[in-house]
2 protein chains.
Amino acid sequence: MTDRHQDLAGGFPETDHDHASCVDEALDRAVAICERRQVRLTPLRRRVLQAVWSSHKPVGAYNILTMLTNERGTTAPPTVYRALEFLLENGLIHRIESLNAFVGCTKPGQDHAWQLLICRACGRVAEISDGKLDHAIADAASRAGFILQRRTIELAGLCSACRDSGPAQRDGDGALV
Amino acid sequence: MTDRHQDLAGGFPETDHDHASCVDEALDRAVAICERRQVRLTPLRRRVLQAVWSSHKPVGAYNILTMLTNERGTTAPPTVYRALEFLLENGLIHRIESLNAFVGCTKPGQDHAWQLLICRACGRVAEISDGKLDHAIADAASRAGFILQRRTIELAGLCSACRDSGPAQRDGDGALV
DNA sequence: GTCATGCTGATATAGTATAACATTTTCGTT
DNA sequence: AACGAAAATGTTATACTATATCAGCATGAC
């Protein structure tokens, strides 16, 4: 299956894509995957997944905490972290180590090797799954006699949209767009 | 120049290497690099670099803070973080994003692309600089129309020494050896 | 209905990092 | 040697990120 929203600008979504359906599709896929895996996508977990998917930018645990607190009254950190842990374990989100934040996985349930492209101008993250790159990683590990268990591949720079549009634009929050 | 301590087990140091000279060499290289770059390797910065080099395992900022506090009386976090920032800027150490910790750079002053292998059994970190892998990264970024500014490549697994020696060994601290 | 299990709530605390301002050191210039 | 600008360090306070622990509730198997 090809995700039509993700295929244009080198893995970054089109700037005018229909994000609501983006989120809906992610949630639908999550439902199917959790059913298949016999794990429970509870309302809380579903809500946290939706929060991670609220944009294509990294979302921090405490951002989510704030959303939940606004919606349902005081919520404590473990509530969010446990949901995030569940979503990570089930391959529904990725953690961005260099930002202490999370993004939705665009290929859940496919047990893939992924790499993240993080645009420093607009703040968006693209997930790619480059076979040659992953092969090179496996080779390098193999040459070192290293048994590879987990890859953290985070590439920061400028996405193709921002590359051409000069200095970074910022949105009303002061956050990178 | 080849670093004889680093070349055997796939980038990991020999288990019985002379670590004191390992540290000495790192400090000597740092002195030379800072002189060349016209930046100041003050006693504090030198001491923090030495602390990062105290083993081939990742060292946390607060580990260093404790060492300094023991040696010279109460020391505040910014003291350590500023020194670490200096060392990062000058390519003398690497930050491991997935562990919030630091390791000494084995090729300072050479403006190289590096990748880190992190052994989950013994806790040691090897720095490799695999040209093919870096080329694959550049290619993948290029295909995505992405301008690459910073690479975070952290591979976790088992080093060749631990691969063969069964379950993880732990040292007296409870820390991974 | 009871029980075991898993999930969530709640409190407390640990671990990581930076902002802001004060003081000291360094070094080139006078 | 004294001065002044810039860099480095000291100091205090606080922000941000994450987990341990125990209590209560929901779910599903029997």
Side-chain angles (χ1 to χ4, degrees), chain A residues 30 34-35 37-52 57-90 92-103 152 154 173-175, chain B residues 30-31 34-35 37-49 51-52 57-90 92-103 152 154 173-175:
Chain A
C34 289
E35 190 156 348
R37 300 184 64 153
Q38 305 260 70
V39 295
R40 289 193 265 174
L41 187 65
T42 63
L44 174 66
R45 289 163 175 177
R46 183 187 162 91
R47 178 65 191 93
V48 171
L49 178 59
Q50 186 184 38
V52 172
K57 301 178 197 172
V59 178
Y62 279 72
N63 294 161
I64 298 170
L65 196 54
T66 300
M67 296 183 214
L68 292 184
T69 293
N70 290 340
E71 290 170 12
R72 4 167 286 165
T74 307
T75 304
T79 298
V80 169
Y81 280 101
R82 284 187 292 227
L84 290 169
E85 185 182 17
F86 170 89
L87 297 170
L88 285 170
E89 279 170 359
N90 289 287
L92 298 170
I93 62 174
H94 299 305
R95 177 180 165 81
I96 305 179
E97 300 291 349
S98 59
L99 297 173
N100 296 326
F102 304 84
V103 288
T152 299
E154 299 175 8
D173 296 339
Chain B
V31 168
C34 289
E35 190 156 348
R37 299 184 64 153
Q38 305 261 69
V39 295
R40 289 193 266 174
L41 187 64
T42 63
L44 174 65
R45 289 164 174 176
R46 183 187 162 91
R47 179 66 191 92
V48 171
L49 178 59
V52 171
K57 301 178 197 172
V59 177
Y62 278 72
N63 294 161
I64 298 170
L65 196 54
T66 300
M67 297 184 214
L68 292 184
T69 293
N70 288 340
E71 291 171 12
R72 7 166 283 165
T74 308
T75 304
T79 298
V80 169
Y81 280 101
R82 284 188 292 226
L84 290 169
E85 185 181 17
F86 170 88
L87 297 170
L88 285 170
E89 280 170 357
N90 289 286
L92 298 171
I93 62 174
H94 299 304
R95 177 180 164 82
I96 305 179
E97 300 291 349
S98 58
L99 297 173
N100 296 324
F102 304 83
V103 288
T152 298
E154 299 175 8
D173 297 339

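Since the structure is predicted, the reported quantities are computational estimates derived from the model, not experimental observations.
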V31(B) versus R46(B), closest heavy-atom pair with distance: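 Closest pair (atom of V31(B), atom of R46(B), distance): CG2-NH1, 3.7 Å.
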d([atom1], [X]; [atom2], [N]) in whole Å:
X	N	atom1	atom2	value
Y81(A)	dT11(C)	OH	P	19 Å
I64(A)	dA18(D)	CD1	P	11 Å
Q38(B)	dG28(C)	CD	C1'	14 Å
L99(A)	dT17(D)	CG	P	10 Å
E97(B)	dA18(D)	CD	P	12 Å

Rounded to the nearest 0.5 Å, how far apart are [atom1] of [X] and [atom2] of [Y]?
X	Y	atom1	atom2	answer
L88(A)	E85(A)	CG	CD	8.0 Å
F102(B)	I64(B)	CZ	CD1	7.0 Å
L41(A)	N90(A)	CG	CG	9.0 Å

B/S/- contact track for nucleotides 6-16 of chain D, protein heavy atom under 4.0 Å: -SSBBBB----
OP1, OP2 of dA18(D) versus side-chain N and O of N100(A): anything below 4.0 Å?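 Yes, because at least one side-chain N or O of N100(A) sits under 4.0 Å from OP1 or OP2 of dA18(D).
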Is any side-chain N or O of R46(A) closer than 4.0 Å to OP1 or OP2 of dC7(C)?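 Negative; the distance criterion is not met.
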Could you tell me whether the side chains of T152(B) and E97(B) share a donor-acceptor contact shorter than 3.5 Å?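 Distance-only check fails for T152(B) and E97(B).
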Only counting residues at least two apart or in another chain, list the ones meeting side-chain contact (heavy atoms from CB on, under 4.5 Å) with R72(A).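 Listed in chain order: L44(A), L68(A), T75(A), T79(A).
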Check every strand shown and say whether R95(A) touches a base, only sugar-phosphate, or nothing at a heavy-atom separation below 4.0 Å.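 It contacts sugar-phosphate atoms only.
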